[in-house]
Amino acid sequence: MKATVIKPIVDMHDDNQPLSTQLLYGEEVTVHNAEKNIGEKELNYVWVTAAYDGYQGYIQKSALAFETYETTHMVSSQGAYVHSKPDVKTRPHFHLPFGANIVIKDPDVVDSGFVYAENLGWVYKRNIMSLDTTKPDFVETANGFLNTAYLYGGKSHQGIDCSALVQMSLKL
């Protein structure tokens with residue numbers, strides 16, 4: 001069964017690693033028929049395979065929407081805030097990390113520099129790019145992670161490991 005990640009950053013682990021990788025908002029996964037409760041809180045976890053890189057592991061079931069959609073854009077800055085209105089003075093209600101995939105149905109409809117991200121809200125257009133666009137210099141993208149803390153399995157500006165640094169740099 002296919003599903004889409006609906007939390008900004010989701011930790012994935014397996015039976016050997018407390019953090020094997022992270023999934024980002026908008027990533028598609030295949031959910032396998034293996035649920036289990038982990039820890040004292042007995043949170044429901046499911047075994048998934050990430051469509052982007054093939055990593056497998058457990059993630060919280062609540063981090064998924066059991067549907068898929070064709071994403072059109074990606075966060076290309078260190079992050080992007082999502083607002084309820086196209087106004088920088090409104091309090092953001094969500095933060096998307098670099099590399100998160102979103103759906104923008106009308107990218108040419110811009111209001112105060114914002115475009116509307118389906119199922120989320122308004123995102124500043126300068127923080128995203130079309131998935132059809134590429135940036136030629138992956139080293140420049142990697143340099144954007146300078147001074148980011150090392151985190152084994154990390155995949156964002158909150159913490160990143162060496163394989164994710166290469167993966168995220170080449171994603172653009």
Side-chain angles (χ1 to χ4, degrees), residues 1-80 82 94-104 117-120 123 127-135 138-139 141-172:
M1 169 187 329
K2 301 288 185 192
T4 303
V5 175
I6 58 170
K7 302 267 173 114
I9 301 172
V10 177
D11 291 345
M12 178 191 284
H13 65 90
D14 58 30
D15 292 327
N16 301 316
Q17 307 275 354
L19 178 63
S20 56
T21 192
Q22 293 178 320
L23 300 175
L24 305 178
Y25 185 92
E27 283 194 63
E28 186 178 298
V29 298
T30 299
V31 179
H32 306 287
N33 292 329
E35 285 190 37
K36 76 177 194 178
N37 293 326
I38 298 174
E40 296 173 10
K41 296 181 183 177
E42 295 193 4
L43 300 172
N44 287 328
Y45 283 75
V46 290
W47 184 261
V48 301
T49 301
Y52 182 69
D53 58 16
Y55 273 91
Q56 293 186 325
Y58 288 102
I59 65 169
Q60 288 185 354
K61 189 175 182 180
S62 62
L64 297 173
F66 288 87
E67 60 184 290
T68 59
Y69 46 86
E70 193 70 32
T71 57
T72 60
H73 288 74
M74 178 180 79
V75 175
S76 57
S77 62
Q78 286 190 358
V82 180
F94 209 73
H95 183 266
L96 296 167
F98 170 83
N101 293 322
I102 57 177
V103 178
I104 306 289
E118 294 295 314
N119 303 316
L120 285 173
V123 179
N127 292 331
I128 63 172
M129 65 184 246
S130 169
L131 291 177
D132 297 336
T133 307
T134 58
K135 289 192 174 183
F138 63 89
V139 174
T141 303
N143 282 337
F145 284 94
L146 281 174
N147 300 315
T148 299
Y150 178 84
L151 175 64
Y152 184 86
K155 198 175 180 180
S156 75
H157 283 89
Q158 293 177 3
I160 195 164
D161 70 10
C162 51
S163 61
L165 176 64
V166 172
Q167 185 184 77
M168 298 306 289
S169 297
L170 294 175
K171 188 173 184 178
L172 289 181

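All heavy atoms count here, side chains included; hydrogens, waters and symmetry mates do not. Positions are given from 1 along the sequence.
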Contact summary for [X] and [Y], nearest pair of heavy atoms:
X: V29; Y: A50; answer: CG1-CA, 4.1 Å
X: A3; Y: V31; answer: CB-CG2, 3.8 Å
X: T141; Y: S169; answer: CG2-CA, 3.8 Å
X: I9; Y: S156; answer: CD1-OG, 3.5 Å
X: H13; Y: L19; answer: CB-N, 4.2 Å
X: V123; Y: A80; answer: CG1-CB, 3.9 Å

(message) Take a 6.0 Å sphere around CD of Q17 and say whether it holds more than 12 heavy atoms from other residues, nucleotides or ligands.
(response)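 Check passes, neighbour count above 12.
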Distance, nearest 0.5 Å, that separates [atom1] of [X] from [atom2] of [Y]:
X: F98; Y: S76; atom1: CZ; atom2: OG; value: 7.5 Å
X: I6; Y: L120; atom1: CD1; atom2: CG; value: 10.0 Å
X: Q78; Y: N127; atom1: CD; atom2: CG; value: 10.0 Å
X: I160; Y: F145; atom1: CD1; atom2: CZ; value: 4.0 Å
X: E28; Y: T4; atom1: CD; atom2: OG1; value: 6.0 Å

Taking the side chain as every heavy atom from C-beta outward, state whether [X] and [Y] have any atom pair closer than 4.5 Å.
X: N119; Y: V103; value: no
X: T30; Y: K2; value: yes
X: I59; Y: K7; value: no
X: K171; Y: N101; value: yes

(request) With sequence neighbours excluded, tell me which residues meet ring pair (Phe, Tyr, Trp, His ring centres under 6.0 Å) with Y55. (result)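 Once residues adjacent in sequence are excluded, Y55 has no partner under the ring pair (Phe, Tyr, Trp, His ring centres under 6.0 Å) criterion.
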(message) For F138, give me all partners under ring pair (Phe, Tyr, Trp, His ring centres under 6.0 Å), at least two apart in sequence or on another chain.
(response)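 Ring pair (Phe, Tyr, Trp, His ring centres under 6.0 Å) list for F138, sorted by chain: empty.
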(message) Applying side-chain hydrogen bond (donor to acceptor under 3.5 Å, both in side chains), can you list everything that pairs with K135, at least two apart in sequence or on another chain?
(response) none
(request) Can you sort out the partners of T49 under side-chain hydrogen bond (donor to acceptor under 3.5 Å, both in side chains), two or more places apart, ordered by chain and number? (result) H32, Q56
(request) Describe, in one word, how the ring planes of Y25 and F94 are oriented to each other, choosing from parallel (under 30°), tilted (30 to 60°) and perpendicular (over 60°). (result)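 Ring orientation, 0 to 90° scale: perpendicular.
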(message) Please check: side-chain N/O of S20 versus main-chain N/O of M12, any donor-acceptor pairing under 3.5 Å?
(response) yes
Using distance only, find each side-chain donor-acceptor pair of residues 63-73 under 3.5 Å and give its atom names and separation, not counting sequence neighbours.
unit_1 : atom_1 : unit_2 : atom_2 : d
T72    : OG1    : I104   : N      : 2.8
T72    : OG1    : I104   : O      : 3.3

(message) Filter on salt bridge (charged side-chain N to carboxylate O under 4.0 Å, His left out), then keep only pairs touching residues 142-167, sequence neighbours left out; what's left?
(response) E27-K155, D53-K155
